[in-house]
Each structure stands twice: as structure tokens, then as C-alpha cells.
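Below: the structure, in C-alpha cells.
Numbering starts at 1 and runs along the sequence shown. Note: hydrogens, waters and symmetry copies are ignored here, and every other heavy atom, side chains too, is used.
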Amino acid sequence: MKIAFVGKGGSGKTTLSSLFIRHLANAAAPVVAVDADINQHLGAALGLDEDEAAALPAMGAHLPSIKQYLRGSNPRIASVDAMIKTTPPGEGSRLLRIREDNPVHETCARPLRLDGGEVRLMVTGTFTEADLGVACYHSKVGAVELYLNHLVDGPDEYVVVDMTAGSDSFASGLFTRFDMTFLVAEPTRRGVSVYRQYKEYARDFGVALRVVGNKVQSRDDVDFLRDEVGDDLLVTVGHSDWVRAMEKGRAGPFDALEPENRAALRALREAADATYAHRDWDRYTRQMVHFHLRNAESWGNAKTGADLAAQVDPDFVLSEAASRPAALPQSV
């Protein structure tokens, strides 16, 4: 299951995504956690200190080798240089699975032990001094889009992505790559503004969107959110002494999280799991191709000097029944 946490800056999406990751790990579920925010805070929210978080390998820095691995023997992709962030898989492409050890995980993911289980943590990487003024952050997030485009995932296994703040994910097809998107909103007008953007942009793409009300202090806060987002409001979360201690580096066992907040996390998992019955791999693949063709026409063809529409394999549908990848090289 592929799950995104989105919201405006300061809404608490990183905190809530980290709590959800801990909740899944506590249930011994297989989890890949991805920090796709330009402000990389997920590692710290999961208990890493500054040096440990800074030492995580950046997916963006390994983008050429990730492309090389995913390309496999796909005859429609002439070279790594001809691959862009939206390049879809086809016959001969290498696919990824959450539970497996593959070169992408070995190079870009680091195991992180949490209460009750272990997760794989990956990060897109921050802007470097060399990037300032000349690079777009979406080039780094492109590694996440390629990862999801080649991922074959099933029930009871999870990729949880802490997305960049606001509506930046709409700059590509990344917003369509998830089974469930949880939008974290504070009970303020600014807090629900990103919800309106997401709702409008996602309406035509079948994006499953539910709202998590955060920093809720009163019944009036709940009523405000219900008036603004209606039935999309799934749960609300208030103050947490456990979270406050965690933010100070003094968190106790995860089982000590307040019962009402543990119940909210269970509701999130139940909502995400319920989408599996409605999963449509054909639509997922069509949307992948749709955004690839749009990006190809807009900038990809000019950048690569190739007709990227030719990369689309009309007979290929990504699904759990897709063939196993080719033999794995030692590294990417």
C-alpha cells in the first residue's frame, strides 16, 4: 500500500507520518519510509540524531544509477540519459518489491529499528550549495516517482511518503501514485486551504483523499473542520505529551502513546487498507503514461533529444502479477 502525508508547512504532517510509521512497525508490518520533503525532518522524527540523519544516502544523488537498474533490458529505453522521472516500466524493466533486498534498497535505504519492528528509511536529499539557483527540487523527488512507478506492492505492506509542503507534488504525476493520501490540516482557514487545492486538482484522477485534523483543542475546532471538509475528515488529533517528549528526544515506549492517538492511527491504517479492494492497476498504469507523455511534450523530448512517447509499452500493465525482475546486479 502506498500512502502519502501532505499538508501546508507546519501542519504536523511529518510528525503524523512518523507516528503512522511507528504504528505500522509496532505491528511488525513491512514498511519503507520515504522523506520527500525539501526540509528533511522525517529521520529526526523517527529518532535519529542530526549526524545520523545527515549521513543518510540521498536518492537524488543516486538517480543515474537508480535509472540504470530500473531500465533493465527494456528495449524501448535507449539509454539512461533518455530516462526522465516519469518514464514508465515496460517489458524488460526491473520492478521493485517492498519486502525484497534489491540494489535500490541496498544503496538508498537504511534499516531503522523502532519499537516492535524495523523499517527501511529513504530520503530524497536536501538542496546542496551546487543546486542553489540552478536546480529544481522536483529533480530530486523524481527518484521517488521512478521508485513508485516501478513498485509492485500488495496488502499489509507499506510505503509511507512524507511529501513536500503545499501542493508541489502536482508539478508531476506524483500525486496519483498513492492508494491513500492523508492531508494534515489545522483548524484554521490557512490550514484547510491546501485541502481545497488538493481536492480540486485530484478530482479528475480518482485520488483517495482523507483529512487528518491536527492541533485540535475543542469541539469548535472539530466543527470547523467538518464544516470545511465534510465527510473527508477522518480523524482529529490533539495535544500529545508523548509527542512533546519525542520532539525533545525523550520519547518513551511507543505503547505509551495516548490511547486516543493510538486509536486515530488505527483508523488511518484501516482507511488505507480499505482502498486495496478498489485498486485499479489499469488506471494506475494509464495515469503513469498520461503524465509521462505530458512531461515528454513539455520538456522531456527537448532535454533528451529523443521521442519519449516511444518509451511507452502499450501491452504492459503494472500489477502484482507482473513478472519478477531480471537477475540483480550487485549494486546501483
Side-chain angles (χ1 to χ4, degrees), residues 1-7 13-14 16-37 42 46 59 89 95-102 104-105 108-109 111-112 114 116-122 124 141 143-163 169 173-184 198 202 205-212 232 234-235 254 262-288 317-322:
M1 306 301 292
K2 298 176 286 290
I3 299 162
F5 280 80
V6 302
K13 66 179 181 60
T14 297
L16 281 165
S17 61
S18 72
L19 290 176
F20 187 63
I21 291 163
R22 289 177 184 270
H23 171 72
L24 295 173
N26 199 47
V31 182
V32 174
V34 181
D35 192 343
D37 195 346
L42 184 58
L46 291 172
M59 295 178 73
L95 306 179
L96 303 168
R97 287 163 173 80
I98 290 174
R99 301 171 190 259
E100 72 181 2
D101 294 324
N102 59 56
V104 176
H105 287 158
C108 299
L112 182 59
L114 300 173
E118 186 175 89
V119 305
R120 284 178 164 131
L121 174 61
M122 299 197 295
T124 58
V141 180
V144 180
E145 190 161 359
L146 277 170
Y147 179 87
L148 296 178
N149 279 356
H150 290 75
L151 180 70
V152 178
D153 60 308
D156 301 318
E157 56 182 16
Y158 303 86
V159 173
V160 181
V161 182
D162 181 23
M163 296 285 284
S169 64
L174 188 57
F175 74 101
T176 66
R177 303 295 84 200
F178 301 100
D179 296 289
M180 174 61 75
T181 296
F182 291 124
L183 190 144
V184 181
Y198 253 85
F205 294 94
V207 172
L209 178 67
R210 300 301 301 272
V211 174
V212 181
D232 284 341
L234 178 62
V235 294
F254 187 66
R262 284 189 277 122
L265 295 173
R266 286 195 299 271
L268 296 186
R269 183 176 182 180
E270 289 169 3
D273 287 347
T275 65
Y276 182 76
H278 308 288
R279 177 177 278 190
D280 185 344
W281 285 105
D282 286 327
R283 184 183 71 184
Y284 189 81
T285 304
R286 287 196 306 271
Q287 290 176 343
M288 189 190 313
V317 175
L318 187 69
S319 73
E320 291 174 64

### Query
Which residues pass the side chain to side chain contact (heavy atoms under 4.5 Å, CB included) test with Arg262, sequence neighbours left out?
Leu257, Pro259, Arg266
### Task
Check side chain to side chain contact (heavy atoms under 4.5 Å, CB included) between Glu118 and all other residues, then give those that pass, not counting sequence neighbours.
Pro111, Arg113
side-chain hydrogen bond (donor to acceptor under 3.5 Å, both in side chains) involving [X] - partner list, sequence neighbours excluded:
X	result
Arg283	none
Asp153	Lys2, Arg279
Thr14	Asp162
Asp280	none

Got a second to check how far [X]'s [atom1] is from [Y]'s [atom2], nearest 0.5 Å?
X	Y	atom1	atom2	result
Ile3	Met180	CD1	CE	8.0 Å
Ile21	Leu46	CD1	CG	5.0 Å
Asp35	Leu121	CG	CG	7.5 Å
Glu145	Leu174	CD	CG	5.0 Å
Leu268	Phe182	CG	CZ	4.5 Å
Leu151	Leu318	CG	CG	8.0 Å

Nearest heavy-atom pair of [X] and [Y]: which atoms, and what distance?
X	Y	answer
Leu19	Phe254	O-CZ, 3.7 Å
Arg269	Ala29	NH2-CB, 4.2 Å
Pro155	Arg99	O-NH2, 4.1 Å
Val6	Lys13	C-CD, 3.7 Å
Val31	Ala25	CG2-N, 4.4 Å
Ser319	Val152	O-CG1, 3.3 Å

### Message
For Phe20, give me all partners under ring-ring contact (aromatic ring centres under 6.0 Å, His included), at least two apart in sequence or on another chain.
### Response
Phe5
### Query
Please, which pairs that meet side chain to side chain donor-acceptor pair (under 3.5 Å) have at least one residue in residues 17-33, sequence neighbours excluded?
Asn26-Asp255
### Task
Start with the C-alpha gap between Val119 and Val32, add the side-chain angles, then the distance that decides, and say whether side chain to side chain contact (heavy atoms under 4.5 Å, CB included) holds.
CA-CA 6 Å; Val119 305; Val32 174; over 6 Å; no
### Task
Test the Arg177-Tyr147 pair against the cation-pi criterion, namely NZ or CZ under 6.0 angstrom from the six-membered ring centroid and within 45° of the ring axis.
no
### Task
Would you check, one step at a time, whether the test side chain to side chain contact (heavy atoms under 4.5 Å, CB included) holds for Asp282 with Arg286?
CA-CA 6 Å; Asp282 286 327; Arg286 287 196 306 271; 3.6 Å; yes
### Query
Between Val159 and Leu148, is a side chain to side chain contact (heavy atoms under 4.5 Å, CB included) present by the stated rule, with each step listed?
CA-CA 9 Å; Val159 173; Leu148 296 178; 4.1 Å; yes
### Val160 vs Met1 side-chain heavy atoms within contact, under 4.5 Å
no
### Summary
Taken in chain and number order and not counting sequence neighbours, the residues that satisfy salt bridge (charged side-chain N to carboxylate O under 4.0 Å, His left out) with Arg210 are none
### Set of residues satisfying salt bridge (charged side-chain N to carboxylate O under 4.0 Å, His left out) with respect to Asp156, sequence neighbours excluded
none
### Task
Give a yes or no on whether the backbone of Phe205 and the side-chain of Gln287 come within a donor-acceptor separation of less than 3.5 Å.
yes
### Message
Is it the case that the side chain of Arg120 and the backbone of Ile98 share a donor-acceptor pair, with hydrogens and angles ignored and the cut-off at 3.5 Å?
### Response
yes
Could you go through residues 271-278 and list every donor-acceptor pair under 3.5 Å that involves a side-chain atom there, pairing it with any protein atom two or more places apart or in another chain?
| unit_1 | atom_1 | unit_2 | atom_2 | d |
| --- | --- | --- | --- | --- |
| Asp273 | OD1 | Tyr158 | OH | 2.7 |
| Asp273 | OD2 | Tyr158 | OH | 3.3 |
| Thr275 | OG1 | Ala272 | O | 2.6 |
| Tyr276 | OH | Glu320 | OE1 | 3.3 |
| Tyr276 | OH | Glu320 | OE2 | 2.8 |

